[in-house]
Amino acid sequence: MNMAASEPRRRSVQLDRVDVRLERVESVAPDATVRHVDQLDSDTLEAVYAALSADRSVPAAGTGLEPGEVIVFTDYFRVKRA
Amino acid sequence: MTQYVIIGDGISGSSAAETLREEDPESEITVITDEGESLYNRILIKEHAKGKLPEAPISIHDEEWYDERDIDLSLNTFVTSVDTDAKVVNTHEGEEIPYDKLLVATGGTPTQLPVENSDADGIHHFWTFQDARAIREHAEQANKGVIVGAGLLGIDFAAVCGAQGIEADYLMRGDRWWRYALSGAGAEIMHEGMREVGVEPVFDSGVDHFETDDDGHVTAAVDPNGDRYECDFVGAAIGLDFNTEYLDGAGLEQDNGIIVDEYMQTSVDDIYAAGDITRFYDVLLGEQAQNGSWGSAKEQGRVAAVNMAADEEAEQFEWVSSYSITHFDFPFLSFGHPTIGDEHAERKYSDTEWRRIAFKDGKVVGGVLIGDLSPQSQLKQLMREQREVADQAEVLLEKSVDLDELAPPQEQ
Ligand SMILES: Cc1cc2nc3c(=O)[nH]c(=O)nc-3n(C[C@H](O)[C@H](O)[C@H](O)COP(=O)(O)OP(=O)(O)OC[C@H]3O[C@@H](n4cnc5c(N)ncnc54)[C@H](O)[C@@H]3O)c2cc1C
């Protein structure tokens with residue numbers, strides 16, 4: 001999984017019937033909710049990896065991703081409704 | 001009404017406080033911390049030091065959080081001793097706080113390098129938000145750095161230098177970064193990541209002493225070979241000393257950490273411990289072990305609280321920990337206990353992809369994944385199931401791991 005590409009990554013996952021995508025962001029607003037990947041439970045982690053790598057499908061239910069929050073991984077990614 | 005006292009408001013102490021309030025709504029709960037701020041996100045302070053993340057999102061609980069739950073929070077309060085006969089906690093201000101049940105959740109403090117001038121200005125250790133603020137402020141002005149400590153916390157300093165434009169030398173004692181968990185092939189990927197951000201790994205080195213100017217500011221690190229590395233910024237991360245001094249005489253069994261069973265109970269009645277400070281009985285390994293990670297500390301706090309409130313052995317701690325490095329273009333994840341094991345299997349897949357699995361008595365006990373983290377859940381599952389699979393390591397080294405390809409587990 002190479003995160004260095006410069007184009008924005010927009011890959012969708014189905015989460016509890018709400019599609020969310022992870023969009024790379026350059027900066028974070030002071031009022032943002034931010035989590036590090038090591039705070040995510042196993043299923044949510046799996047969903048994040050899958051959303052960021054083109055070739056994996058994602059278990060839909062049981063992830064704790066909240067639209068609007070920022071996940072710190074190899075870049076900062078905002079969770080957005082697709 | 002039961003009186004619970006928790007020493008430490010890190011993630012383990014705070015998660016215990018939250019759980020205690022849920023499990024025992026009528027109880028009295030006191031949380032004591034020597035820090036001047038309530039729970040914050042210790043694993044994000046490095047992002048602040050890198051200059052990437054503002055302060056506000058790093059805070060987790062404001063003081064209202066404690067008020068809403070009727071939890072008494074004492075900031076800036078250092079616990080000096082615990083009287084286990086009188087069941088009282090003593091603070092630096094002479095206050096005596098009685099407890100029925102006590103949780104020790106005081107973590108550790110970075111070890112200072114035992115060399116000349118290691119307390120000079122410009123030499124940083126990294127544990128608290130205050131440390132992060134000071135590192136950020138200094139790093140924004142510094143030009144030349146030295147990093148000491150070839151482990152998971154040392155690499156955060158490398159990332160700070162990279163992000164803040166400090167050209168740095170990373171002085172390592174052995175021939176590679178985190179040599180207890182990585183072979184040369186895996187470590188080289190990490191070295192390349194460092195070089196790409198302007199940090200040069202230096203092997204078979206370390207620090208013999210620091211040089212300072214007349215104002216006491218660090219000017220150079222000299223390694224045991226006599227090589228001199230000029231610097232105005234130093235990050236030292238050679239290990240943690242557990243915060244147990246105040247427990248001297250309390251009778252808690254210790255062995256480089258506080259010994260607890262799988263219920264987080266110490267050797268003294270009504271005293272529990274959680275988080276980095278514990279040497280806990282790991283039910284998956286079948287022996288005492290240590291974890292220095294956020295998820296594990298949070299879960300230990302929760303499990304301790306469940307057992308404290310139940311006043312019996314209600315739930316055991318069973319956890320596969322993981323720890324990520326997110327500073328480079330490729331991800332890194334270590335899970336379980338990657339530094340122990342009697343057998344290892346590893347493979348390199350590309351310039352940025354590598355995997356190593358540690359086995360003990362044929363079972364997966366930990367590992368490190370670089371670049372491709374996709375097998376993490378299968379490998380963790382095998383750890384939880386304690387299946388003997390070392391003789392089928394080939395299946396686990398396939399690019400895509402399919403557990404159905406393993407021979408069915410033998411009846412025990
Ligand atoms: C820079 C950095 C980066 C990290 N990155 C990661 C990561 O990416 N992933 C990961 O999983 N983990 C990471 N960790 C480790 C993780 O933060 C710890 O494992 C976790 O925070 C431990 O929590 P704890 O509650 O056990 O201890 P702590 O968070 O250390 O809390 C203990 C508290 O007790 C207080 N205390 C100590 N002695 C006393 C006393 N006598 N009286 C009163 N209060 C006292 C301390 O001041 C402290 O506030 C990182 C740690 C650091 C420092």
Side-chain angles (χ1 to χ4, degrees), chain A residues 1-9 11 13 15 22-79, chain B residues 11 41-48 50-60 152 159 193 196 292-299 319-335 349-353 369-381 384 399-400:
Chain A
M1 193 181 336
N2 184 350
M3 296 290 161
S6 56
E7 81 283 354
R9 262 169 238 101
R11 289 171 190 137
V13 292
L15 298 166
L22 293 172
E23 184 184 64
R24 193 158 52 138
V25 290
E26 291 303 325
S27 61
V28 174
D31 62 352
T33 300
V34 182
R35 284 195 291 170
H36 185 275
V37 274
D38 285 349
Q39 290 176 263
L40 307 180
D41 63 39
S42 230
D43 290 342
T44 311
L45 195 60
E46 197 71 14
V48 166
Y49 294 159
L52 294 175
S53 55
D55 55 351
R56 296 239 333 133
S57 63
V58 182
T63 67
L65 293 172
E66 294 283 340
E69 74 172 327
V70 173
I71 305 294
V72 175
F73 190 46
T74 47
D75 277 303
Y76 289 8
F77 295 96
R78 177 171 298 125
V79 179
Chain B
I11 185 60
N41 194 328
R42 201 174 296 289
I43 63 178
L44 282 180
I45 56 177
K46 53 191 159 195
E47 297 299 310
H48 183 68
K50 282 160 76 177
K52 291 182 69 178
L53 199 59
E55 288 205 10
I58 294 172
S59 164
I60 296 182
L152 293 169
E196 274 173 27
S293 65
W294 182 268
S296 168
K298 184 175 181 189
E299 178 69 0
W319 189 256
V320 177
S321 71
S322 46
Y323 194 113
S324 308
I325 293 172
T326 57
H327 300 307
F328 304 120
D329 290 341
F330 51 83
F332 170 108
L333 180 101
S334 92
F335 66 93
Y349 304 87
S350 76
D351 285 350
T352 54
E353 288 175 312
L369 308 173
I370 302 179
D372 176 12
L373 309 188
S374 57
Q376 60 99 21
S377 60
Q378 288 101 319
L379 294 171
K380 287 179 183 169
Q381 184 185 330
R384 279 186 215 101
K399 183 95 176 73
S400 172

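Lettering follows sequence order; numbering is per chain, from 1.
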Visitor: Examine whether an atom of B:K380 lies under 4.5 Å from a heavy atom of chain A, and if so say whether it belongs to the side chain, the backbone or both; otherwise answer neither.
Guide: side chain
Visitor: Would you mind checking which part of A:S27 comes under 4.5 Å of any heavy atom in chain B, side chain (CB onward), backbone (N, CA, C, O), both or neither?
Guide: neither
Visitor: Less than 4.0 Å between a side-chain N and a carboxylate O, is that true for A:R35 and A:E69?
Guide: yes
Visitor: Which heavy-atom pair separates A:P30 from B:P54 by the least distance, and what is that distance?
Guide: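 Scanning both residues, the minimum pair turns out to be CA-CG, 4.0 Å.
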Visitor: Examine whether an atom of B:I325 lies under 4.5 Å from a heavy atom of chain A, and if so say whether it belongs to the side chain, the backbone or both; otherwise answer neither.
Guide: neither
Visitor: Are the side chain of B:S324 and the backbone N or O of B:T326 linked by a donor-acceptor pair below 3.5 Å?
Guide: no
Visitor: Please report the interatomic distance CD(A:Q39) to CG(B:L44), rounded to the nearest 0.5 Å.
Guide: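 Going from the CD atom of A:Q39 to the CG atom of B:L44 covers 6.0 Å.
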Visitor: According to ring pair (Phe, Tyr, Trp, His ring centres under 6.0 Å), who are the partners of A:H36, at least two apart in sequence or on a separate chain?
Guide: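 Checked A:H36 against ring pair (Phe, Tyr, Trp, His ring centres under 6.0 Å); zero matches.
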Visitor: Is it the backbone or the side chain of B:E47 that comes under 4.5 Å from a heavy atom of chain A, or both, or neither?
Guide: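 Both parts, backbone and side chain.
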Visitor: Would you mind checking which part of B:I43 comes under 4.5 Å of any heavy atom in chain A, side chain (CB onward), backbone (N, CA, C, O), both or neither?
Guide: both
